[in-house]
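As the structure lists them, so they are numbered: ligands from 1, and atoms in each ligand from 1. Nothing fancy with the numbering, it's 1 onward along the sequence.
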Amino acid sequence: MSGHPVVVVGGGVIGLSIAWRLVRRGQEVVVLERDRVGKAASRVAAGMLAAAAEVGFEEPELYDLCRHSLSEWPAFAEALEQESGLALDYRQFGTLVVADDRDAAEALRRGFRFQQEQGYPVEWLSGSEAIDREPMLSPRIVGAVSVPEDHAVDNRALLRALEQAIRLAGGIIREGVTVTDIRSDGPYPTVHTALHTAEYPTGHSTEDPTMQSTGHPTGQGSEVFVASQVVVAAGAWTSAIAGWPDGTKPALRPVKGQILELRMRPPFQLQHVVRGPRAYLVPRSDGRLIVGATSEEAGFDARMTVGGVYEVMDGAWEIVPGILDQDLLGVDVGFRPASPDHQPLIGYTTNPRIFLATGHYRHGIVLSVITALAAERMLLEGIPDPRVAAFSPGRL
Ligand SMILES: Cc1cc2nc3c(=O)[nH]c(=O)nc-3n(C[C@H](O)[C@H](O)[C@H](O)COP(=O)(O)OP(=O)(O)OC[C@H]3O[C@@H](n4cnc5c(N)ncnc54)[C@H](O)[C@@H]3O)c2cc1C
């Protein structure tokens with residue numbers, strides 16, 4: 001035992017999930033978050049826990065990883081609900097992937113055969129069978145795949161529960177603290193920070209990921225944390241942290257997503273997650289409906305645009321026309337953390353005390369569980385987890 005805590009950099013779903021798994025095992029943990037925890041990509045996400053419906057032919061390893069994670073989700077959710085005392089709205093109604101014309105149906109058929117080959121319990125539905133299951137679907141739907149094992153969670157509730165469970169178990173969460181660099185010249189890594197002394201930043205409106213340019217006062221005070229191990233989970237901002245040994249700096253870029261939040265007005269109701277060729281709809285038990293999302297190479301441009309809203313609505317109303325009459329609650333923008341090959345980076349860097357957990361791109365909510373379980377094993381027991389072996393940062 002070093003007597004030093006594990007320092008987790010970044011309080012998104014990845015950092016918080018790992019912190020919770022460590023702290024509940026008695027490990028001293030400090031989470032450092034430059035804003036408030038749970039405000040970045042993890043808050044904006046739709047909360048789909050998708051394995052079969054998401055992953056294409058070209059990504060079999062990622063598909064397996066999502067599947068492993070999904071299989072761990074129910075036990076993880078149950079333990080988190082118990083330990084936090086908060087409900088996650090973990091919904092197991094399944095997903096309907098729908099096609100609204102012949103071309104889309106053909107593509108869906110190919111995907112369906114692939115899913116069957118992978119042993120996934122999927123079912124082909126005619127248009128009318130799909131509408132029987134989800135009456136708000138458009139009469140134009142010509143075919144659908146039912147994916148009963150692709151679930152959904154209210155990711156905001158998940159973040160609240162993780163924060164609560166960490167605090168209840170004695171973990172320390174420090175907000176408004178920006179990690180500037182991580183140095184590894186001594187026996188233990190040191191994490192260097194700049195403290196926000198004014199109001200916390202309220203968003204991620206920076207054009208530039210260097211964090212000094214956010215317009216928020218930084219450098220008004222700084223602290224150095226000596227860590228037994230460091231977990232870097234800073235999402236799309238990971239590359240802005242300094243101190244990586246030559247040639248090992250992870251290359252992360254933001255992929256912007258705009259997403260809409262609606263309130264369903266009865267009798268309009270959806271039970272399943274519905275995915276079409278150009279949009280998806282994710283219902284919550286409290287009557288909200290999340291509709292997404294754009295995928296834009298726009299750097300850290302946090303603007304909500306008319307074009308973004310139009311693109312999402314145009315894809316969504318074609319499959320569920322009744323959404324045009326629902327209440328619009330808001331539009332959100334988030335930055336998916338994308339690595340060069342769009343696959344996550346999970347594992348130790350060249351320094352055996354610095355663990356990287358980022359690059360989860362479109363799958364961070366579903367993959368938070370497997371990432372946290374693998375990190376728990378690797379950090380606390382020193383045992384590599386074969387399920388994440390293909391995602392070691394060393395591959396890049
Ligand atoms: C529109 C949209 C829809 C999505 N839908 C889904 C979905 O349905 N299902 C799914 O599985 N995934 C989805 N995703 C992807 C998912 O949101 C991300 O993969 C996931 O949230 C990444 O989590 P994270 O913790 O790595 O990053 P973030 O949530 O971005 O957290 C990173 C944190 O690190 C902090 N930070 C950064 N730099 C520093 C620093 N130097 N010092 C201290 N703190 C720092 C940030 O402030 C932030 O709080 C979606 C994403 C978007 C944008």
Side-chain angles (χ1 to χ4, degrees), residues 7-19 31-51 53-54 66 69-70 73 95 150-155 158-159 162 174-182 191-196 200-201 203-204 206 209-212 214 218 231-243 252 254-261 273 275 280 282 290-296 308 312 331-339 342 344-346 356-369 371-372:
V7 174
V8 176
V9 182
V13 72
I14 301 298
L16 293 179
S17 300
I18 294 173
V31 178
L32 301 177
E33 164 55 50
R34 70 175 178 138
D35 189 338
R36 287 190 192 276
V37 295
K39 288 283 180 252
S42 304
R43 176 183 179 279
V44 172
M48 290 176 291
L49 305 178
E54 273 272 331
C66 289
S69 202
L70 257 181
W73 249 98
T95 297
D150 277 7
H151 301 152
V153 70
D154 180 343
N155 38 295
L158 169 68
L159 292 161
L162 285 167
R174 296 278 309 275
E175 297 177 304
V177 176
T178 298
V179 171
T180 53
D181 57 320
I182 300 166
V191 179
H192 298 249
T193 69
L195 206 60
H196 293 285
Y200 292 129
H204 293 282
T206 174
T210 56
M211 284 167 296
Q212 270 73 35
T214 56
T218 60
V231 175
V232 185
W237 296 269
T238 300
S239 305
I241 296 169
L252 272 298
V255 177
K256 174 180 176 181
Q258 300 191 55
I259 195 163
L260 277 56
E261 188 181 13
V273 172
R275 303 175 65 106
Y280 53 73
V282 186
I290 311 302
V291 185
T294 64
S295 189
E296 304 167 57
V312 173
V331 183
D332 260 317
V333 172
F335 300 109
R336 304 171 183 92
S339 69
H342 287 177
L345 299 160
I346 308 168
L356 195 57
T358 187
H360 292 77
Y361 190 39
R362 294 184 300 134
H363 307 106
I365 306 298
V366 62
L367 291 178
S368 58
V369 171
T371 304

Taking only heavy atoms of [X], which atoms of ligand 1 are found under 4.0 Å from at least one of them?
X	answer
V13	23 (O), 25 (O)
Y280	3 (C), 5 (N)
M48	7 (C), 8 (O), 9 (N), 10 (C), 11 (O)
H363	10 (C), 11 (O), 12 (N)
A40	28 (P), 29 (O), 30 (O), 48 (C), 49 (O)
G47	7 (C), 8 (O)
Y361	15 (C), 16 (C), 18 (C), 19 (O)
G334	53 (C)

Considering the options [options], which one meets the side chain to side chain contact (heavy atoms under 4.5 Å, CB included) requirement together with [X]?
X	options	value
V37	L32, L159, L16, V13	L16
T238	L356, V9, L345	L356
L49	I365, N155, D150	I365

Test of proximity, [X] against ligand 1: N or O pairs below 3.5 Å:
X	result
R36	no
T178	no
G38	no
I365	yes
A236	no
E33	yes
V179	yes

- Return the set of residues passing salt bridge (charged side-chain N to carboxylate O under 4.0 Å, His left out) with R275 (not counting sequence neighbours), or none when no residue passes. E54

So does [Y] get a backbone contact from the side chain of [X], meaning a donor-acceptor N/O pair under 3.5 Å?
X	Y	answer
R36	G176	no
S42	G12	no
T180	H192	yes
S239	L252	yes
S17	A372	no

- Message: Is any side-chain heavy atom of W237 closer than 4.5 Å to one of T358?
- Response: no

- Message: Side chain, backbone, both or neither: which applies to L32 and ligand 1 if a contact is any heavy-atom pair less than 4.0 Å apart?
- Response: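 The backbone, only.
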
Which option, [options], owns the non-hydrogen atom nearest [atom]?
atom	options	value
atom 23 (O) of ligand 1	G364, A240, S42, G15	S42
atom 22 (C) of ligand 1	A293, P337, G235	P337
atom 6 (C) of ligand 1	A45, G176, A194	A45

- Could you establish whether R362 and ligand 1 come within less than 4.0 Å of each other, counting only heavy atoms on the residue side? yes

- Task: Return yes when V177 approaches ligand 1 closer than 4.0 angstrom through a heavy atom, no otherwise.
- Result: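 Yes, V177 has a heavy atom closer than 4.0 Å to ligand 1.
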
- Message: Going by the rule side chain to side chain contact (heavy atoms under 4.5 Å, CB included), which residues pair with V312 if we only count those two or more places apart in sequence or in a different chain?
- Response: L260, V291, T294

- Query: CD1/I14 to CG/L162 distance, rounded to the nearest 0.5 angstrom?
  - Reply: 10.0 Å

- Note on the structure: Rounded to the nearest 0.5 Å, the CE atom of M48 sits from the CD1 atom of I290 at a distance of 10.5 Å

